[in-house]
Amino acid sequence: MRKLQDALSAHVIHRSKTKRRKRAGRILTGILLFLFVIYWVVCYFLVSLALVPSFMEKTKVFETVTNTSIEALVQTSDIQNNRAASLEETRTWLKTAKASSWSVTTKDGYHLIATAFTPETKDPETKSSRWALLLHGYTGWKEELYPLAYHYIQQGYHVLVPDMRCSGESEGDFIGMGYTDRLDNMLWLSEILARDPDASIVIHGQSMGASCALMMAGEDLPSQVAAIVSDCAYTDAYRMFAKQMKDWFSLPSFPILDSMNLMLQLRGGYDLKKASALTAAEKTSLPVLIIHGQEDDMIPVEMAYQLYDAVNGPKELLIVPGAGHAQAVDKDPKLYYETVFSFLREWE
């Protein structure tokens, strides 16, 4: 009888331990599942914070990113004075500029808007067929490049300045980081050629727009595209975000960035790792001018050297001492524009 009681007692104890282990297992599974869901919710919101301007504005991240970017710029009197003079010059020009609005619709249904500027000619019968497609940067808009447009107009170019998807007046769900934009901007090339079949086209981009211009160079471009001007481009969007996650959100890139990238593929339909200006630069035989500020704290100047080395066709490199991100033109406008138009005269 005693042995039977001991056996029953041991069985009860065993069942009790088994139940506790199972209950602990269920609790642990629940906690892990909860943490898994929270992790992916965080990744979902981080994608929105980085690539959806309307969401950024609601959470004040746009203001934070803007302030961080401004603080990273070089603040010297010559840059500030040159910038102020350029903006005033542009405002004066815009009062009499010949401008019109263009629009295209992407294959995925987004309506994109651009402003076209026409050069003034003393002889009405003299027609210029030189065109410049100007591409703005991350969270930017077309108006930021109007000072650049003015200088192209002064050189007799027609100029087309689009708002890229999810920016300015153009529709979109996610900023394309140059990758989706590379195909969107093919529509603008087609639009230019439909209106002017004899066009000779320069693609000049700044920051994200510069990376986009190089990504476009890796595609099968129309023969009318004569050259690329890349001002402070990043080599690829993945490496760019790895750096900015620390600068903007104080977060490590691993493993969050890979998870964000997977979430972006599910939501936005593209892969940050494929958004590579470096890979595209290796494919092009077009003449490419690479410009970068020596003191760029947002996109390291080392990326300019990597891009320059990757280009297999005719190329030129301009590194401007004392210039921060997208500040080469304000640090030394004379050098900047002389270099750009001298380069273009050689290859157009």
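Predicted, not measured: the structure shown is a model, and the values here were computed from it. We're numbering straight along the sequence, starting at 1.
- A salt bridge links K142 with E169: the distance from a Lys NZ or Arg NE/NH1/NH2 to an Asp or Glu carboxylate oxygen falls below 4.0 Å.
- Taken from CG in L286 to CG in L214, the straight-line distance is 10.0 Å, to the nearest 0.5 Å.
- Residue F341 is grouped with residue F343 when hydrophobic side chains (ILVMFWY) are merged at heavy-atom distances under 4.5 angstrom, including chains of intermediate members.
- Taking the side chain as every heavy atom from C-beta outward, W347 and I228 never approach each other to under 4.5 Å.
- Here the closest non-hydrogen pair linking M177 and A237 is CB-CB, 4.0 Å.
- H325 places none of its side-chain heavy atoms less than 4.5 Å from the side chain of Q206.
- Inter-residue side-chain proximity for V202 and E348 is flagged as met; some heavy-atom pair is nearer than 4.5 Å.
- Residue V74 belongs to a hydrophobic cluster whose other members are I79, with links defined by side-chain heavy atoms closer than 4.5 Å.
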Residues 302-312, side-chain donor-acceptor partners within the protein, below 3.5 Å, at least two apart:
unit_1, atom_1, unit_2, atom_2, d
Q306, OE1, R239, NH1, 3.1
N312, ND2, E282, O, 2.5

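- At least one side-chain heavy atom of R345 sits less than 4.5 Å from a side-chain heavy atom of Q155.
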Inset, instruction - Report the C-alpha separation of Y337 and K334 in whole Å, then their side-chain angles, then the decisive distance to 0.1 Å, and conclude whether the side-chain contact (heavy atoms from CB on, under 4.5 Å) test is met. - result: CA-CA 6 Å; Y337 287 115; K334 185 174 185 294; over 6 Å; no

Ignoring hydrogens and angles, write down the donor-acceptor pairs under 3.5 Å from the side chains of residues 187-194, residues two or more places apart or on other chains.
unit_1, atom_1, unit_2, atom_2, d
S190, OG, M186, O, 3.2
E191, OE2, R195, NE, 3.2
E191, OE2, R195, NH2, 3.0

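- I299 places a side-chain heavy atom less than 4.5 Å from the side chain of S207.
- Heavy atoms only, all atoms of each residue included: L344 and A227 are closest at CD2-CB, 3.8 Å.
- Residue R83 comes nearest to P147 through the heavy atom pair NH1-CG, 4.4 Å, listed as atom of the first residue, atom of the second, then distance.
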Inset, instruction - Go through the steps to decide whether Y336 and D231 satisfy the test side-chain hydrogen bond (donor to acceptor under 3.5 Å, both in side chains), and finish with yes or no. - result: CA-CA 10 Å; Y336 186 95; D231 184 349; 2.7 Å; yes

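- Counting heavy atoms from C-beta outward, T106 and L112 have side chains that approach closer than 4.5 Å.
- The two residues L160 and P162 make their nearest non-hydrogen contact at O-CD, 3.6 Å.
- In this structure a side-chain-to-backbone donor-acceptor pair under 3.5 Å is missing from S129 to S200.
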Inset, instruction - Kindly indicate, with the supporting measurements, whether the criterion side-chain contact (heavy atoms from CB on, under 4.5 Å) is fulfilled by I203 and V229. - result: CA-CA 6 Å; I203 305 175; V229 180; over 6 Å; no

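- Using a distance-only test at 3.5 Å, with no hydrogens or angles considered, no donor-acceptor pair links the side chain of Q80 to the main chain of S77.
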Legend entry - Residues M216, N185; criterion side-chain contact (heavy atoms from CB on, under 4.5 Å); working and verdict: CA-CA 8 Å; M216 292 175 69; N185 289 323; 3.6 Å; yes

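- The list of ring-ring contact (aromatic ring centres under 6.0 Å, His included) pairs with a residue in residues 70-110, not counting sequence neighbours, reads W93-F117, W93-Y150, W102-W131.
- Residues L135 and M240 share a single hydrophobic cluster, defined by chaining ILVMFWY side chains whose heavy atoms lie under 4.5 Å apart.
- Side chains of Y146 and T115: a donor on one and an acceptor on the other come within 3.5 Å.
- In this structure a side-chain-to-backbone donor-acceptor pair under 3.5 Å is present from S128 to G156.
- Hydrophobic clustering of Ile, Leu, Val, Met, Phe, Trp and Tyr side chains at less than 4.5 Å, counting indirect connections, unites I291 with L335.
- Residue I113 is found outside any hydrophobic cluster, as its side-chain heavy atoms come under 4.5 Å of no other Ile, Leu, Val, Met, Phe, Trp or Tyr.
- A salt bridge is defined here as a Lys NZ or Arg NE, NH1 or NH2 lying under 4.0 Å from an Asp or Glu carboxylate O, and K98 with E120 fails to meet this definition.
- In terms of heavy-atom proximity, S285 sits nearest to P314 at O-CD, 3.5 Å.
- Rounding to the nearest 0.5 Å places CG of L183 at 11.0 Å from CE of M215.
- In this structure, the separation between CD on E316 and CD on E346 is 7.5 Å, given to the nearest 0.5 Å.
- Here the CG-CD distance, from D196 to Q224, works out to 9.5 Å after rounding to the nearest 0.5 Å.
- Remark: D173 CG to D108 CG distance equals 8.5 Å, nearest 0.5 Å.
- Hydrophobic clustering (ILVMFWY, side-chain heavy atoms < 4.5 Å, transitive): L257 and F174 are in one cluster.
- Of all heavy-atom pairs between I319 and P321, the closest is O-CD, 3.3 Å.
- H111 is not listed as a side-chain neighbour of S170, based on a closest heavy-atom distance of 4.5 Å or more.
- Rounding to the nearest 0.5 angstrom, the gap separating the CD1 atom in I290 from the OG atom in S230 is 4.0 Å.
- In terms of hydrophobic clustering, with Ile, Leu, Val, Met, Phe, Trp and Tyr side chains grouped at heavy-atom distances under 4.5 Å, L148 and L87 are assigned to different clusters.
- In this structure, the side chain of S86 does not engage the main chain of N82 through any donor-acceptor pair within 3.5 Å.
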Legend entry - Intermediate values then yes/no, side-chain hydrogen bond (donor to acceptor under 3.5 Å, both in side chains), H158 and Y152: CA-CA 8 Å; H158 295 263; Y152 271 98; over 6 Å; no

Inset, instruction - Report the C-alpha separation of L289 and H204 in whole Å, then their side-chain angles, then the decisive distance to 0.1 Å, and conclude whether the side-chain contact (heavy atoms from CB on, under 4.5 Å) test is met. - result: CA-CA 9 Å; L289 170 60; H204 186 144; over 6 Å; no

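- Side chains of Q327 and V329 form no contact here, defined as non-hydrogen atoms less than 4.5 Å apart.
- Under a 3.5 Å cut-off, the side chain of H136 and the backbone N or O of M164 do form a donor-acceptor pair.
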In residues 265-275, what donor-acceptor pairs under 3.5 Å come from side-chain atoms, sequence neighbours left out?
unit_1, atom_1, unit_2, atom_2, d
Q265, NE2, N261, O, 3.4
R267, NH1, Y44, O, 3.0
R267, NH1, S48, OG, 3.1
R267, NH2, S48, OG, 3.2
Y270, OH, I175, O, 2.6
D271, OD1, N261, ND2, 2.7
D271, OD1, K273, N, 2.9
K273, NZ, D258, OD1, 3.4

